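Reading through the structure tokens given below for one structure.
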Amino acid sequence: MSLNFWKPGTAGPGSNLDRASEKEENVVPYALQNSYLSIQRQQEQLPIFKHREKLLYCLEKYGVIIVVGQTGCGKTTQLPQYLLQAGWANDGRVIACTQPRRIAATSVASRVADEVGTKLGDEVGYTIRFEDVSSKENTRILYMTDGMLFRETLVDPLLSRYSVVMVDEAHERSVYTDLLLGILRKIRKKRPSLRIIVSSATLDATKFLDYFAQGSSPDECTIVSLEGRMYPVEVAYLSEPTPDYVQKAAEVVWNLNLQKGPGDILVFLTGREDINRCLQELSDMLPTLPANATRLIPLPLHAGLTTDEQLNVFQSAAPGTRKVIISTNIAEASVTIDGVKFVIDGGFVKIRVYNPTTTLASLTTVPISVASATQRAGRAGRTAPGICYRLYPMTTFNTLPQTTSPEITRTDMTTPILQLKSLGVNDLMKFDWVSAPPAETVLRALEGLHAAGMIDEHGKLTPIGEQVSECPVEVGIARMLFRSKDMKCGEEILTIAAMTSVQDVFVIPDGGAAGALAELERRKFTAEEGDHFTLLNAYNAFTRYGRSSGWCKSHAMSFRAMSRAVSIRSQLKKYMQRFNLPIESCEGDSKRLARCLVSGYWRNAARWAPDGTYRSVRGNMVLHVHPTSVLFTRKSRTGWVIFHEMEETTKTQIRVLTEIEPEWLLDHGHAYNEKRKEQE
DNA sequence: GAGCACTGC
């Protein structure tokens, strides 16, 4: 089998898997950017030390600093410590450092607590949803998720207890990072003493600088560049495009294993299906592996795996073997595996895209960005120099977008906009977004908020909207929680709200006997009324049988998801108590419970059609029931259903359904009535 | 009779 990489035959004996020459700058854009050979000789010294005085000086002089540096340059752990030593946390003030992910906030906090020599939760702490390991009196450096700090602005609009806020990994552009940056810019106008540090990868630095420089004096912001602590990574490209990058990935793994020295391999593909196919290709080839060759240990890595399965990829390979981790994008930023020396980059990623016209979300496979490709390549240089093989030609690389579009431009904004309203941002078109969401997304969100009674016709928050904005659930679900007071079913609605907020409660193994068995287990919880009641049954069974992981395993349920549901339920329970909503049981009155569900889902109603699909009441769209629904195999007895969500795949599918009486829809809004008039 | 990248409050 032959591999045509860029500039074949320039290195290595008889190899057609040769890498691009390091000296030709056109050929190795990544390696040139990231060759820090001097650091290899002096590994004990973090380059960030050299910038300590400069950073502190800039922070005195400027209000906003954009700090640029690759992962591993120490900014996340070191910078807050410099600020602490320089007195930025004196007089009871706090230095905040935000992260897009929970795992980063907790692990970094624990490491910094060690370095500072304090107990975690004392001088150094963290705050993430469900976990607050910090002390109001003693904590000086607080790591937190960006969503958590954004939420804090609802309570303390000037973030008055913080002296410095460092927004880390800002280049990832999560919705909450963007919202937080927008609010921070507003806060600085009212409280210039607040210092902001935005930490980002190279490509986005000027975007952030321009954003904060707008409307303020030019001396306000500056960029500080830090050196990375990466090993050089060479990059090789295919000489021509491949029709099948999954098969190509398997080929490259195979040849790499025969031709290169030790080091694990990390392969980036788009999803579970690609990963399984690649694993299959490899295992088909394994019997032909020469007896003296390094053994290959292929391992899948994606979010659908159980925690145990995910942990497999961290076990170091036995002597004479080589791990091949075949992964989704999860290994690009969320999961770091040491010992990887070779990266194979398929060049694609699946992203979720929201279409405001149809209000449909879909998963789409798109080419990655330059930033993403750089990040992936960097995964090969964490512990030693490495090589990255890109399964596309350099001409393709040159056409890639610089960055992935920010999440805020491709997601439903209903909940964030309610929160912004609560913060006093009334004119959303005039709000200074880092990147604005599409106008139609904003309109759709306002329309939804109005229909749900959260804002009035002038766009002003209603009293219930004010309360719901504090609640960490979707607007419809929050509506159900409030409605449960009249319907006397708070106990059950609370559980359903929690269960619909977690994904993948039921484990669905890949096909075969295991899949059939899991299906049988799932059916044990089936309720005639539909999926919401089935989720309720599953939750109640989980708590009745001691909330154990063993029980979950034998009933094909995810212990992780169920534990999360328990946490969410207890958090929502506190909100209900705060809002004086009683937590009563409906005592088995399923009609009352289903009616309460309609109060949250009435915009998601659908009617059975003779061809076995449903038609949405809003928009008359053709909707297919998702195969995981208990209403997949049988029709709703009344012919009417409400559903939790719809998503576009090969067709438009609805998930988590409950059958309803059409009359129940009359209690809510006008959409149903109009539709009915049309049909009659 | 079908599949689902990844976060977050």
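What you see is a predicted model, and the numbers here were worked out from it, not measured in a lab. In what follows, chains are A, B, ... by sequence order, proteins preceding strands, each numbered from 1.
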Could you pick out which residue, P472(A) or L301(A), lies toward the 5' side of DNA chain B when each is mapped onto its nearest nucleotide? L301(A)

Minimum-distance nucleotide (side-chain atoms of M148(A) versus dG1(B), dC6(B), dC9(B)): dC9(B)

Going by side chain to side chain contact (heavy atoms under 4.5 Å, CB included), M480(A) matches just one of T500(A), I493(A), V473(A), L494(A). Which one? I493(A)

Would you mind reading off the distance between Q653(A) atom CD and dG1(B) atom C1', rounded to a whole angstrom? 10 Å

Judged by atom type as modelled, is there a donor-acceptor pair below 3.5 Å linking the side chain of S567(A) to the main-chain atoms of S563(A)? yes

Side chains of V112(A) and Y143(A) in contact at under 4.5 Å (non-hydrogen atoms): yes

For DNA chain B, which residues of residues 566-577 of chain A approach it to below 4.0 angstrom with any heavy atom? none

Nearest whole angstrom, please: distance from the P of dG3(B) to the CZ of R272(A). 13 Å

Could you work out which one of dA5(B), dG8(B), dC4(B) sits closest to the side chain of A303(A)? dA5(B)

Quickly work out the R634(A) CZ to dG1(B) C1' distance and round it to whole Å. 16 Å

Between dG3(B), dC9(B), dG8(B), spot the one nearest the side chain of T649(A), thanks. dG3(B)

Atom pair NZ/CG of K323(A) and L266(A) - distance to nearest 0.5 Å: 10.0 Å

Give the rounded distance in Å between these two atoms: CD of Q375(A) and C1' of dC6(B). 14 Å

Counting only side-chain N and O atoms of T633(A), is one of them less than 4.0 Å from OP1 or OP2 of dG1(B)? no

For H555(A), enumerate each residue passing the ring pair (Phe, Tyr, Trp, His ring centres under 6.0 Å) test, keeping only those at least two apart in sequence or located in another chain. W551(A)

What is the nucleic acid contact for D504(A), judged by heavy atoms within less than 4.0 Å: base, sugar-phosphate only, or nothing? base

Counting side-chain heavy atoms from CB outward, which of dC4(B), dC9(B), dC6(B) is closest to H626(A)? dC4(B)

Hits for ring pair (Phe, Tyr, Trp, His ring centres under 6.0 Å) against F150(A), two or more places apart or cross-chain, chain-then-number order -> Y176(A)

To the nearest Å, how far apart are R101(A) CZ and dG8(B) C1'? 11 Å

Among dA2(B), dC9(B), dA5(B), which nucleotide sits nearest the side chain of K651(A)? dA2(B)

Would you indicate, yes or no, if dG3(B) has its OP1 or OP2 atom less than 4.0 angstrom from a side-chain nitrogen or oxygen of R655(A)? no

F130(A) or G271(A), whichever maps to the more 5' nucleotide of DNA chain B: G271(A)

Salt-bridge contact R101(A)-E172(A) (side-chain N to carboxylate O under 4.0 Å): yes

Out of dC6(B), dG1(B), dA5(B), whichever nucleotide has its closest atom nearest the side chain of F632(A): dG1(B)

When all nucleic acid strands are considered with a 4.0 Å heavy-atom cut-off, which category describes Q99(A): base, sugar-phosphate, or nothing? nothing

Does the separation of the ring centres of Y601(A) and F643(A) fall below 6.0 angstrom? no

Does OP1 or OP2 of dG3(B) have a side-chain N or O of T650(A) closer than 4.0 Å? yes

Tell me: CD of E647(A) to C1' of dA5(B), nearest whole Å? 11 Å

Counting side-chain heavy atoms from C-beta on, which of dC9(B), dC4(B), dG8(B) comes nearest to I128(A)? dC9(B)

